[in-house]
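Quick note: numbers below take in every heavy atom, side chains included, and nothing from hydrogens, waters or symmetry partners.
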Amino acid sequence: MSIGRERLGRLLSNLVADSASTREEAAETVSDWADSHDTYSDFEARILVRSLALVAAFEESVVAREAELNALSDLFSPTSMAVDDVAPALNIPERNLGPSEREYIKGLHDLLDG
């Protein structure tokens with residue numbers, strides 16, 4: 001399946017929007033669509049995973065970052081992606097993360113170690 005270039009472009013644009021609520025909503029959309037089997041092509045999933053990892057690493061809004069890390073963990077697949085795809089998120093200092101965010105990061109580590 002595929003969400004198409006237009007939807008992918010809109011999602012990417014919203015993930016880097018000025019508004020924290022827009023970034024949060026975009027991440028939640030990624031998660032919602034990830035729940036539908038085979039929504040994203042491999043290309044789309046990898047671009048979104050890399051984008052989510054990068055924006056989460058620099059996110060100032062705790063609420064938006066949690067949504068980004070949730071979407072990242074929903075979409076990440078160790079069979080078609082690598083540690084480099086999620087490295088920015090894995091390098092977020094633990095002291096900057098809340099309990100649920102730490103769980104998302106731990107889940108990524110578990111998938112990579114699996």
Side-chain angles (χ1 to χ4, degrees):
M1 291 282 294
S2 172
I3 61 170
R5 290 181 186 166
E6 185 177 333
R7 281 185 175 171
L8 179 62
R10 258 187 276 128
L11 274 177
L12 292 171
S13 177
N14 289 340
L15 285 172
V16 297
D18 288 336
S19 164
S21 62
T22 300
R23 295 189 304 272
E24 176 190 4
E25 186 178 318
E28 289 173 351
T29 298
V30 171
S31 285
D32 290 345
W33 290 353
D35 291 339
S36 302
H37 189 260
D38 292 331
T39 300
Y40 300 106
S41 69
D42 289 344
F43 171 78
E44 293 164 347
R46 193 165 202 175
I47 293 230
L48 287 167
V49 161
R50 287 179 171 192
S51 299
L52 286 161
L54 188 58
V55 297
F58 296 99
E59 182 60 67
E60 294 178 0
S61 164
V62 173
V63 174
R65 185 178 57 222
E66 183 172 2
E68 292 156 1
L69 291 174
N70 179 47
L72 180 61
S73 66
D74 285 346
L75 203 51
F76 180 74
S77 170
T79 58
S80 61
M81 298 173 197
V83 69
D84 290 341
D85 295 317
V86 294
L90 298 178
N91 291 324
I92 300 171
E94 189 172 330
R95 68 181 177 278
N96 295 350
L97 300 172
S100 60
E101 294 172 304
R102 285 187 202 111
E103 286 299 314
Y104 294 129
I105 296 297
K106 182 185 177 309
L108 290 171
H109 280 291
D110 290 347
L111 286 171
L112 288 163
D113 293 341

For the pair S2 and E44, evaluate side-chain contact (heavy atoms from CB on, under 4.5 Å) and give the outcome as yes or no after the intermediate values.
CA-CA 7 Å; S2 172; E44 293 164 347; 2.6 Å; yes

Please find the pair of heavy atoms, one from [X] and one from [Y], that lie closest to each other, and give the distance.
{"X": "L15", "Y": "A27", "answer": "CD2-N, 3.8 Å"}
{"X": "A57", "Y": "A89", "answer": "CB-N, 4.5 Å"}
{"X": "N70", "Y": "S31", "answer": "ND2-OG, 3.4 Å"}
{"X": "A53", "Y": "P88", "answer": "O-CB, 3.4 Å"}

Does [X] share a hydrophobic cluster with [Y], counting links as ILVMFWY side-chain heavy atoms below 4.5 Å and allowing steps through other members?
{"X": "F43", "Y": "I3", "answer": "yes"}
{"X": "V63", "Y": "V55", "answer": "no"}
{"X": "V49", "Y": "I105", "answer": "yes"}
{"X": "L54", "Y": "L48", "answer": "no"}
{"X": "L108", "Y": "V83", "answer": "yes"}

Report the distance from atom [atom1] of [X] to atom [atom2] of [Y], rounding to the nearest 0.5 Å.
{"X": "L52", "Y": "S73", "atom1": "CG", "atom2": "OG", "result": "9.5 Å"}
{"X": "D42", "Y": "S77", "atom1": "CG", "atom2": "OG", "result": "8.0 Å"}
{"X": "E25", "Y": "D32", "atom1": "CD", "atom2": "CG", "result": "10.0 Å"}
{"X": "R50", "Y": "L12", "atom1": "CZ", "atom2": "CG", "result": "12.5 Å"}
{"X": "T39", "Y": "M1", "atom1": "OG1", "atom2": "CE", "result": "6.5 Å"}

Indicate yes or no for a side-chain donor-acceptor contact from R23 to the backbone of A17 under 3.5 Å, with no hydrogens or angles considered.
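The answer is yes, because a donor-acceptor pair under 3.5 Å joins these two groups.
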
Between Y40 (side chain only) and W33 (backbone N and O only), is there a donor and an acceptor less than 3.5 Å apart?
no

Should we say atom CD of E28 is surrounded by more than 12 heavy atoms from elsewhere, each under 6.0 Å from it?
yes

Per the salt bridge (charged side-chain N to carboxylate O under 4.0 Å, His left out) rule, what does the pair list look like for residues 62-84, sequence neighbours excluded?
R65-E101

If you measure from the Lys or Arg side-chain nitrogens to the Asp or Glu carboxylate oxygens, is any gap between D110 and K106 under 4.0 Å?
yes

Checking F76 against L112 for the side-chain contact (heavy atoms from CB on, under 4.5 Å) test, could you report, in this order, the C-alpha distance in whole Å, the side-chain angles of both residues, the deciding distance, and whether it holds?
CA-CA 10 Å; F76 180 74; L112 288 163; 3.5 Å; yes

Applying salt bridge (Lys or Arg N to Asp or Glu O under 4.0 Å), can you list everything that pairs with E94, at least two apart in sequence or on another chain?
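By the salt bridge (Lys or Arg N to Asp or Glu O under 4.0 Å) rule, E94 matches R102.
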
R46 and D85: side-chain contact (heavy atoms from CB on, under 4.5 Å), yes or no, with the steps?
CA-CA 7 Å; R46 193 165 202 175; D85 295 317; 3.0 Å; yes

